[in-house]
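What follows is one structure encoded as structure tokens, with my remarks underneath.
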Amino acid sequence: MLRMSSLFLRTLREDPADAEVPSHRLLVRAGYVRRVAPGVFSWLPLGYIVYRNVERIVREEMDAAGFQEVHFPSLLPREPFETTGRWTEYGDTLFRLQDRKENDYLLGPTHEEMFTLLVKGEYSSYKDLPLVIYQIQTKFRDEARPRAGILRGREFVMKDSYSFDVTDEGLAISYGRHRDSYIKTFERLGLEYVIVSAMSGAMGGSASEEFLAPTVVGEDSFVRCSGCDYAANVEAVQTPAPGPADATGIPAAHAEDTPGTPTIDSLVAVSNERSDLARPDRQWTAADTLKNIVFTVTNPDGTSYPLAVGLPGDREVDLKRLEAVLQPGVPGPFDEAEFARHPSLVKGYIGPGSLGESNASGIRFVVDPRVVDGTRWITGADTAGKHVYDLVAGRDFTADGILDVAEVREGDECPACGAALLLARGIEIGHIFQLGRKYADALGLRVLDEHGELVTVTMGSYGIGVSRAVAAIAEQSHDDKGLVWPREVAPADVHLIATGKDDAVFDAAEAIAAELERAGVRVLLDDRRGVSPGVKFNDSELIGIPTIMVVGKRLADGFVEVKDRSTGERTDLEVGRAAAAVAAMCGR
RNA sequence: CGGGGCGUAGCGUAGUGGCUAGCGCGCCUGCUUUGGGAGCAGGAGAUCGGGAGUUCGAAUCUCCCCGCCCCGACCA
């Protein structure tokens, strides 16, 4: 039994100044966590109980699926990460350190290498597979900008599991088992979630889905189809390419003087104002222009290369989408020095005439999927103050490839059914993906198959953010008074308050608490003497235990009150029957 | 990485060159109070984020660093 009189807890009457998002604000105010460094938090007793409940549920569901728990160190040697290239690829995000002999170590950001090597050391036959092992472990990532309390920390706890199979079919089965297990886990955690298609990012590999908890403070944007069950992270949305357009009758491309039109808006305005440029049938729009943006992509090893992206002028490049496809390269601006190095590029008037591996600049030129053969564009003429009209894709220029990195908008076409897409934000609480053979190849994880041939094992990698899930639940489950925990993760089932100054209420509360405990109900008893009722009521609402009982004023009439934290519904129960009734309410 | 804002006791804050750094919450002692963050009285608690400088004098001005929050990252 937890007692408020001795619990290591201090609730705050006011919001901490540095906390913006509700989960951060409330977890600090209610005394669940305290910050110790940027993106690094301590768990206080109530918070640690919630954290362990979440961890327990995750573990129980893993075990129920037949997966086996192992435990790796956080302190890892450099070598395996060197072998897979991630010592470099991870860049500044990796926490690096040296021992007294100046050997390089790192604090594990994730453990693919370690799992792969462990299995390699033990197993060498197809008969040993399939295998799924997992751990619940503290991870370290030196994020550029930790934010939102424990939602994005630099030290956090993750459940990561890995499957090992001989065949692609086996991998698909292991993947499916994880998917099912995750669904059960998140249901038990009381989290609302959406499963979306995702990019595999820095991990490499193919099929990948994310479990996102929808909330406005989420860092991931995703789309959901209004017509079918398609859902995808915006990074993974595939823009449907229209069929080839008929370019018959479009006049030959012609360059026009368009002084003072360095922006799309000014170009469209001038094109519509001037009779020699105007379209007879309708006004020009930004979507008729082909905007060409040049980036400098920097590799982890410090080398860099230019990349030009052409897309309809009414769209922006979504930097996150671009980053996702260029990984591990990082796109940055094409600065003045770069322009100086490529004299064929005229700032503000860059066009397909200079872009492309076979043209003057030699810069790789990729276009949006909407730029299909036969489409007609206004675009830069590679001369200051000039644009080209009636430039037809496929007829007048050919790009080096397709790159789907334009911003995704609400209302865009669903790639699965064509209906309008809805845009929302969410917190990534789980990620499952079919890694394939990248790590097994790099680290030489091979087994003998039934024909005695050495084959490379195929892997899956699956993660749940355990500490993040605590914040995600808080984010989804609170009101203006405080937290509202789902019962299974709550620090207790019942918050039992004794109010008044008579010994009678405290004695009665003690008796009820004892009876509840005997029935297996977890109790937080507010047995503080001399603390006014308002303080106790407010604390109980802030702390967010699902059932609140009050032994006070009405005890004289033989009643205690029960309040449901989430609905606010109150009922009076006879003292003698209260404990049994509440135990039933708590499912005991 | 860039821009802006901010950093004063455990928490929230006032204090724009002047003498003992103020207030509220919280904490301690005493008395009163007990159904929605009680009252009175007394008290403890701050190297004013850190460092360097300007000045007779710095929380206050300057520079550097650290940290926090927000916005942005290319518009061709």
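Proteins come first, then strands; the chains are lettered A, B, ... in the order of their sequence lines, and each starts at number 1.
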Given the [atom1] atoms of [N] and [M], what is the spacing between them in whole Å?
{"N": "B:G18", "M": "B:G57", "atom1": "C1'", "value": "7 Å"}
{"N": "B:A44", "M": "B:U32", "atom1": "C1'", "value": "23 Å"}
{"N": "B:G7", "M": "B:A59", "atom1": "P", "value": "15 Å"}
{"N": "B:C19", "M": "B:C31", "atom1": "C1'", "value": "38 Å"}

Determine the contact category for [X]: base if any of its heavy atoms lies under 4.0 Å from a base atom, sugar-phosphate if only primed atoms, P, OP1 or OP2 are that close, otherwise nothing.
{"X": "A:Arg554", "result": "base"}
{"X": "A:Phe295", "result": "nothing"}
{"X": "A:Arg10", "result": "sugar-phosphate"}
{"X": "A:Val531", "result": "base"}

Practice prompt. Kindly assign one of parallel, tilted or perpendicular to the pair A:Phe41 and A:His24, based on the angle between their ring planes and the thresholds 30° and 60°.
Written response: perpendicular
Worksheet entry | Geometric class of the A:Tyr32/A:Trp485 ring pair [parallel <30°, tilted 30-60°, perpendicular >60°] | tilted
Would you kindly give the [atom1]-to-[atom2] distance between [X] and [N], to the nearest whole Å?
{"X": "A:Arg34", "N": "B:C11", "atom1": "CZ", "atom2": "P", "answer": "9 Å"}
{"X": "A:Leu26", "N": "B:C11", "atom1": "CG", "atom2": "P", "answer": "18 Å"}
{"X": "A:Leu542", "N": "B:G26", "atom1": "CG", "atom2": "C1'", "answer": "14 Å"}
{"X": "A:Ile293", "N": "B:C75", "atom1": "CD1", "atom2": "P", "answer": "8 Å"}

Item to complete: May I ask you to verify whether the side chain of A:Arg570 and the base of B:G36 hold a donor-acceptor pair under 3.5 Å?
Response: yes
Discussion item. Could you check whether the side chain of A:Glu14 and the base of B:G26 have a donor-acceptor pair of N or O atoms closer than 3.5 Å, going by distance alone?
Written reply: no
Worksheet entry | Nucleotide of B:C75, B:G36, B:G67 approaching A:Glu316 most closely (side-chain heavy atoms) | B:C75
Worksheet item: Hey, is the side chain of A:Lys553 poking within less than 4.0 Å of OP1 or OP2 on B:G35, counting only N and O atoms?
Response: no
Practice prompt. Give the intermediate values and the outcome of side chain to side chain contact (heavy atoms under 4.5 Å, CB included) for residues A:His495 and A:Arg565.
Written response: CA-CA 10 Å; A:His495 189 136; A:Arg565 174 66 184 89; over 6 Å; no
